[in-house]
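All heavy atoms count here, side chains included; hydrogens, waters and symmetry mates do not. By convention here, the first residue in the shown sequence is residue 1. This is a predicted model, so every value here is computed, not measured.
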Amino acid sequence: MTDLTVWLEATGAVAGAGGLGYAKIRAPRVYWAVVGMPVTWGRFALSYRSTMDVCGLTVQPSGLRAFMTRSVARREVQPVPPRIRRVRGTSTGLRVTLRLPAGLEPADLIASSERLRHAWGVHSVTVMETKPGYVELRMTGYDVLRRVRMPRKARPRDMVVPVALREDGTAFERDYRAAPMALTLGANQSGKSMYQRNLIKGLAQLPVALVGIDCKRGVEQTAYASRLSALVTSPDDAASLLGVLVAEMEDRFDLLSGHGVSDLWELPETERPVPVVVLVDEIAELFLISSKKDEERRERIVTALIRLAQMARAVGIHLEICGQRFGSELGKGATMLRAQLTGRVVHRVNDKQTAEMGLNDVAPDAVPVASLIPMERPGTAVAADSSGGWSKIRTPNTTRDEVVAVCRAFAHLVPDLPVLDPFRPVAPVPAPVAGPSLVKPRPVTP
């Protein structure tokens, strides 16, 4: 009986260990909640002071505190680490709020984030400044970008669209009021189209006008025609459409001037024009020309794009430009236009120079990260803006049919913009699905 009991206990231990190993790979959230979070929380609590001291994230105490420690407490004066204000667990990691002592700044913790990650045995440590004097350490217990699952609360609202998942487990949101113009770069099969699908899927649910410029004969954007207010598939039509958008911008400025305001969102809701988002699928097709006679058309396109990028934010017209490269080799005006695009998303690129084109002027520290994105991780990118902050993101795998279904479901949100009617695409009618035949087959006689 004793041998049987021992055998059952050993079998149970092996089964339990196997179950935990399976959960760690197939159900990382469950493994983190059961094993990872308690272990990490304990390791953090026990080694916090020594880790901060070794990483150089402590300061000498004030004179009064040193005097009280020596005279009253009769203890040796030790350096002071950031004070822990709050620790809470999440489904993906830990969130630790710290009060910084005088002499430390968030940049000090950011520079030591890699050492903190190894010290506490977590997948990543991200430092976010919450308010002056306070930072939040966002520790991720496992690789959340391996299988992207967007947070349940991530929903399109106002002019904010959740597009991807950050490395710290939070949603990366495309906020058009904070970053009205944006540039997305990446090589073939890097995930640019997937990023644009998620963007269109979110924008389709908002009361905005979507304008598509797809000079690859519309192979990317034609399927979303039911939700588009305008779609052009050739450089000549793109030049005409951009000219109409510039004229619409000028009319909206007249409206702002008449009301004595400087921004679209300051207008009364009843008189506020609908926001417009222009989606350019491949910017190189608008810049490159094959003959001398196309130079005049190119000049009109580049001039219109630069004018929209410089001024259209105030009137609610936004640019979302995609391309494989975007440098001076595209010709006159390319660098000037790129400088106006605040938001930057860089997927896997074929050379370091392309990563520098997108990130070097806004977040140079992110260039090496973008240059090392592996091919087996499509959809992974580095997102940055002019604030200097950046984060690693990955878009969820969204099929074309899913986006098409959303566009059809929200086709009633297409706004009435008469100036765009000449460019309004014809939405394809879905083919009826053949059902079972109701005709009774004739009996076969022998």
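- When the shell of 6.0 Å around CD of Glu376 is examined, it contains more than 12 heavy atoms from other residues, nucleotides or ligands.
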Intermediate values then yes/no, salt bridge (charged side-chain N to carboxylate O under 4.0 Å, His left out), Lys131 and Glu129: CA-CA 6 Å; Lys131 59 182 179 179; Glu129 181 180 356; over 6 Å; no
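- For the pair Ile213 and Leu242, the minimum side-chain heavy-atom distance is below 4.5 Å.
- Between Arg157 and Glu173 there is a salt bridge, with a side-chain nitrogen of the basic residue lying less than 4.0 Å from a carboxylate oxygen of the acidic one.
- Looking at residues two or more places apart in sequence or on another chain, you find no salt bridge (Lys or Arg N to Asp or Glu O under 4.0 Å) involving Arg177.
- Within the structure, salt bridge (charged side-chain N to carboxylate O under 4.0 Å, His left out) pairs that include any residue of residues 201-212 comprise Lys201-Glu402 (at least two apart or interchain).
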Tyr142 and His123: CA distance, side-chain angles, deciding distance, ring-ring contact (aromatic ring centres under 6.0 Å, His included) verdict: CA-CA 5 Å; Tyr142 58 93; His123 180 75; 8.2 Å; no
Working for side-chain contact (heavy atoms from CB on, under 4.5 Å), residues Trp120 and Met139: CA-CA 9 Å; Trp120 293 324; Met139 289 183 262; 3.7 Å; yes
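- Summarising the geometry of Val302 relative to Gly333, their closest heavy-atom pair is CG1-CA, 3.9 Å, with the distance given to 0.1 Å.
- Residues forming a side-chain contact (heavy atoms from CB on, under 4.5 Å) with Val349 (at least two apart in sequence, or on another chain): Val346, Thr354, Ala355.
- Side-chain contact check for Val345 versus Leu183: every heavy-atom pair is 4.5 Å or farther apart.
- The pair Arg117-Glu114 meets the salt-bridge criterion, with a side-chain N (NZ, NE, NH1 or NH2) lying under 4.0 Å from an Asp/Glu carboxylate O.
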Check against side-chain contact (heavy atoms from CB on, under 4.5 Å), Phe44 and Val87: CA-CA 10 Å; Phe44 168 79; Val87 182; 4.1 Å; yes
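- Taking the ring axis of Tyr31 as reference, the NZ or CZ atom of Arg29 does not stay both within 45° of it and closer than 6.0 Å to the ring centre.
- In terms of heavy atoms, Ala384 sits closest to Trp390 at CB-CB, 3.8 Å.
- The side-chain tip of Arg166 does not point at the ring of Phe172 from less than 6.0 angstrom away and within 45° of straight on.
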Steps toward side-chain contact (heavy atoms from CB on, under 4.5 Å) verdict (Ile200, Gln196): CA-CA 6 Å; Ile200 294 174; Gln196 194 173 59; 4.0 Å; yes
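- Not a single donor-acceptor pair under 3.5 Å links the side chain of Arg83 to the backbone N or O of Val80.
- Counting only distance, with no hydrogens or angles, the side chain of Thr40 and the backbone of Met37 share no donor-acceptor pair below 3.5 Å.
- Here the straight-line distance linking atom CG of Leu372 with atom OG1 of Thr380 works out to 12.5 Å at 0.5 Å rounding.
- Lys332 NZ to Leu337 CG: the interatomic distance, rounded to the nearest 0.5 Å, is 14.0 Å.
- Scanning all heavy atoms of the two residues, the minimum distance from Ala204 to Leu413 falls at O-CD1, 3.7 Å.
- Looking only at side-chain heavy atoms (C-beta outward), Pro273 and Val315 stay at 4.5 Å or farther from each other.
- For the residue pair His259 / Glu271, a side-chain donor-acceptor distance below 3.5 Å is found, with atom types taken as modelled.
- If you run side-chain contact (heavy atoms from CB on, under 4.5 Å) between Asn198 and each of Leu203, Thr398, Val403, only Thr398 comes through.
- Remark: side-chain polar atoms of Arg344 are not paired, donor with acceptor, to backbone N or O of Leu359 under 3.5 angstrom.
- Taken from CD in Glu329 to OG1 in Thr335, the straight-line distance is 8.5 Å, to the nearest 0.5 Å.
- Nearest heavy atoms, Ala182 versus Glu320: CB-OE2, 3.6 Å.
- To the nearest 0.5 Å, atom CD of residue Glu220 and atom CG of residue Leu231 are 11.5 Å apart.
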side-chain contact (heavy atoms from CB on, under 4.5 Å) assessment of Gln324 paired with Asn188: CA-CA 7 Å; Gln324 296 186 36; Asn188 286 325; 3.2 Å; yes
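- Using a 4.5 Å cut-off on side-chain heavy atoms (C-beta onward), Asp168 and Ser391 make no contact.
- Considering only heavy atoms from C-beta on, Thr58 stays 4.5 Å or farther from Arg49 through its side chain.
- Judged by distance alone, with hydrogens and angles left aside, the side-chain atoms of Arg43 form no donor-acceptor pair with the main-chain N or O of Pro38 at under 3.5 Å.
- The shortest heavy-atom contact between Gly212 and Leu241 is O-CD2, 4.4 Å.
- With Ser112 contributing its side chain and Arg115 its backbone, the two residues share no donor-acceptor pair below 3.5 Å.
- In this structure, Glu167 CD and Thr170 OG1 are separated by 10.5 Å, a value rounded to the nearest 0.5 Å.
- Salt-bridge formation is not detected for the pair Lys192/Asp281: no Lys NZ or Arg NE/NH1/NH2 atom is positioned less than 4.0 Å from an Asp or Glu carboxylate oxygen.
- In this structure, the side chain of Arg338 engages the main chain of Phe326 through a donor-acceptor pair within 3.5 Å.
- Here Gln340 contributes atom CD and Ile306 contributes atom CD1; the two are 8.0 Å apart, rounded to the nearest 0.5 Å.
- In this structure the side chain of Leu57 reaches within 4.5 angstrom of the side chain of Asp108, judged on heavy atoms.
- Checked by atom type and distance alone, the side chain of Arg227 never pairs as donor or acceptor with a backbone atom of Ala411 at under 3.5 Å.
- No more than 12 heavy atoms of other residues, nucleotides or ligands shown are found within 6.0 angstrom of CZ on Arg86.
- Met181 is not listed as a side-chain neighbour of Tyr176, based on a closest heavy-atom distance of 4.5 Å or more.
- Under the rule for a side-chain contact (heavy atoms from CB on, under 4.5 Å), the partners of Pro82 that lie at least two apart in sequence or sit in another chain are Tyr48, Met52, Leu98, Leu100, Pro101, Leu104.
- In plain terms, the two heavy atoms of Gln221 and Leu228 that are nearest each other are O-CD1, 3.7 Å.
- Qualifying side chain to side chain donor-acceptor pair (under 3.5 Å) partners for Glu248, counting only residues two or more places apart in sequence or in other chains: Arg252.
- Counting non-hydrogen atoms of other residues, nucleotides and ligands closer than 6.0 Å to CZ of Arg400 gives a total above 12.
- In the displayed structure, Gln353 atom CD is contacted under 6.0 Å by more than 12 heavy atoms of other residues, nucleotides or ligands.
- Between the side chain of Arg217 and the backbone N or O of Asp214 there is no donor-acceptor pair closer than 3.5 Å.
- Among residues two or more places apart in sequence or in another chain, the side-chain contact (heavy atoms from CB on, under 4.5 Å) test is passed with Lys352 by Glu356, Val367, Ser371.
- Salt bridge annotation for Arg377-Asp143: present, with a cationic side-chain nitrogen under 4.0 angstrom from a carboxylate oxygen.
- Counting only heavy atoms from C-beta outward, the side chains of Pro415 and Ser229 approach each other to under 4.5 Å.
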